[in-house]
Amino acid sequence: MVGYLQILAAIVAGLIAIYYYFHSKNNFWKKYGIPGPQPQLFFGNFKSSITRQKSTSDAIQELYEKNKHQPIIGAYIGTQPLVIVHDLDLVKDVLISDFSHFASRGIPMYPKVEDLSEHLFNLEPETWRPLRAKLSPVFTSGKLKEMFPLLLQCGEHLEQYLKKIVKKDETMECREIAAKYTTDVIGSCAFGIDMNALSEGDSEFRRMGRKIFAPSTQQMVRDISRQFLPTFYQIFGHLMQPKDVTDFFTRVVMDTMKYRDENNIVRPDFINMLLELKKNPSNLENIELTDSLLTAQAFVFFLAGFETSSSTMGHALYELALNPDIQDKLRAEIRQKLEENKKNGEGLTYDQVKNMKYLDAIFRETLRKYPILPILMRKVDTDYTFKGTKYTIPKNVPVWVPVIGIHRDPDIYPKPDVFDPERFTDNAMSTRHPMSFLAFGDGPRNCIGARFAYYQSKVGLISILRHYKVSVCKKTTVPYKSDSKAFLLTLKGGVMLKMSYIE
């Protein structure tokens, strides 16, 4: 009997010790006098998103709405303390003015476990800076103009694909259609590969892309282990990776580079830039250009290129279906521009897409309401005092900018749930703080492919809307409900719409 009591006492003592350990972790910001919401034991302030009860976007927005009166707040993800910056002037300091102290994203990397994780989005400043400088020329307006005919070709393939499937008179998952189109664009413009995603079958590239972002038990276990059990993850994390995906992309990129090198093939695309880096690693003396590092850059460009643009196109079509008057006005602009060119014997041009003001306003309003990433992540490299405040944070603390909260703040965008492209006329934009729109980030570490994303998305929307009308149907999720299992903002059940041909 005594033995059982001793065991029970030991268990109770252990539980009490664990409780006080986590409780003490959750008192971190009190030492610095930084206000913030009360965290929950073990989960911090993000229990709902960690357990997949809410999407990350919904959790971030809810936290912002409850605390936006504070310029910054101290919060916790698990036991990890972090700062969330609400004041737009302070956001500008983090992203631009004091960027030198916030150059790191603060994303933990496990290259021995995650084969293709060392890419531009994750890399620490010492590797990111020289690589970014070398890869940026691929995304200049001059290079995009060279690629534009390939974009138009993919747009034509999209129209041909729609002709076939619209005849079936079925409800369509428009986000999936957009993903097939953007997969083909990335293949053609970035890698010089025909990915054949816009076909009756299921291309291997599209299948791999879908697998990466599809919510699964394996993904949830991987994310939780990565966040809360890093030692365990470093040992067993390799068992949780989609190995077939990494093997596939490594093989494709390396084989393509080898073939081009052996046959002296030169193209103005991303693969060619990687090949040049491998041959002439000037100014990259301290960086080992392994096959894995090179493939990782191509891998993240593929993922970002098809996923972000297809998501934005899907959300745009969803809102246009809900707002037929806006859709009709956009179609009129598209047809007017195309008719002007037809008279001159020309097709759609780069400059015409650039000058479609209403299309641009719709694209920006879509990104305002449905930002690609709900947060921007940074890490401070020194003890830092926010300007005009009494708040000092210690070195190496993660700093988050709540993009979705800012984009849906009624004090910045009145009636934020209303889809209103007029928010993005030149006059309207000039009245707002420059940090009020952060769809592609801002400052030196903004999205390197933002310009490319703009054009491929716009050409895709033009290709659809010039002859097709999208409408809501019984399968359309109205009102909007986000998928709680997805990190990126995703409509639960998919963007299910009716599509019909119009002259």
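- Inter-residue side-chain proximity for Met257 and Asp291 is flagged as unmet; no heavy-atom pair is nearer than 4.5 Å.
- Tyr413 does not carry Arg423 over the face of its six-membered ring by the limits of under 6.0 Å from the centre and within 45° of the normal.
- Within the 3.5 Å criterion, the main-chain N or O of Val495 finds a donor-acceptor partner in the side chain of Glu173.
- Remark: the His315 side chain and the Tyr480 side chain contain an N/O donor-acceptor pair separated by less than 3.5 Å.
- Proximity of a side-chain donor or acceptor of Ser484 to a complementary backbone N or O of Arg52 within less than 3.5 Å is detected.
- The two atoms that bring Trp400 and Leu82 nearest to each other are CZ2-CD2, 3.8 Å, heavy atoms only.
- Counting only distance, with no hydrogens or angles, the side chain of Arg408 and the backbone of Asp417 share no donor-acceptor pair below 3.5 Å.
- Between Phe249 and Phe302, the ring planes lie tilted relative to each other; the angle falls in the 30° to 60° range.
- Among all heavy-atom pairs drawn from Phe363 and Ala453, the shortest one is CZ-O, 4.1 Å.
- Side-chain atoms of Glu319 never come within 3.5 Å of backbone atoms of Phe419 as a donor-acceptor pair (strictly under, hydrogens ignored).
- Looking at Tyr318, its side chain does come within 3.5 Å of a backbone N or O of Thr477 through a donor-acceptor pair.
- Taking each heavy atom of Pro371 and His407 in turn, the nearest pair found is CB-ND1, 3.9 Å.
- No more than 12 heavy-atom neighbours from other residues, nucleotides or ligands sit within 6.0 angstrom of NZ on Lys469.
- Under the 6.0 Å distance and 45° angle rule, Lys180 does not count as a cation-pi partner of Tyr161.
- Annotation: side chain of Leu294 is not in contact with side chain of Val253 (no heavy-atom distance under 4.5 Å).
- Using a 4.0 Å cut-off between charged nitrogen and carboxylate oxygen, Arg331 and Asp328 count as a salt-bridge pair.
- Residues meeting the side chain to side chain contact (heavy atoms under 4.5 Å, CB included) test with Lys163, sequence neighbours left out: Tyr468.
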May I have the step-by-step check of ring pair (Phe, Tyr, Trp, His ring centres under 6.0 Å) for Phe301 and Phe139, ending in yes or no?
CA-CA 11 Å; Phe301 182 47; Phe139 301 99; 5.1 Å; yes
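- A salt bridge links Lys329 with Glu422: the closest approach of a Lys/Arg side-chain nitrogen to an acidic carboxylate oxygen falls below 4.0 angstrom.
- Taking the six-membered ring for Trp and thresholds of 30 and 60 degrees, Tyr64 and His86 have ring planes more than 60 degrees apart, a perpendicular arrangement.
- When every heavy atom of Asp411 is checked against every heavy atom of Lys68, the shortest pair comes out as OD2-NZ, 2.9 Å.
- Using a 3.5 Å distance cut-off with no hydrogens or angles, the side chains of Gln160 and Glu156 do not pair a donor with an acceptor.
- In this structure, the separation between CG on Leu158 and CD1 on Ile462 is 11.5 Å, given to the nearest 0.5 Å.
- Inter-residue side-chain proximity for Asp115 and Gln241 is flagged as unmet; no heavy-atom pair is nearer than 4.5 Å.
- Because its NZ or CZ atom is both nearer than 6.0 Å to the ring centre of Phe424 and within 45° of the ring axis, Arg432 counts as a cation-pi partner of that residue.
- With contacts defined as side-chain heavy-atom distances shorter than 4.5 Å, the pair Val353/Leu151 does not qualify.
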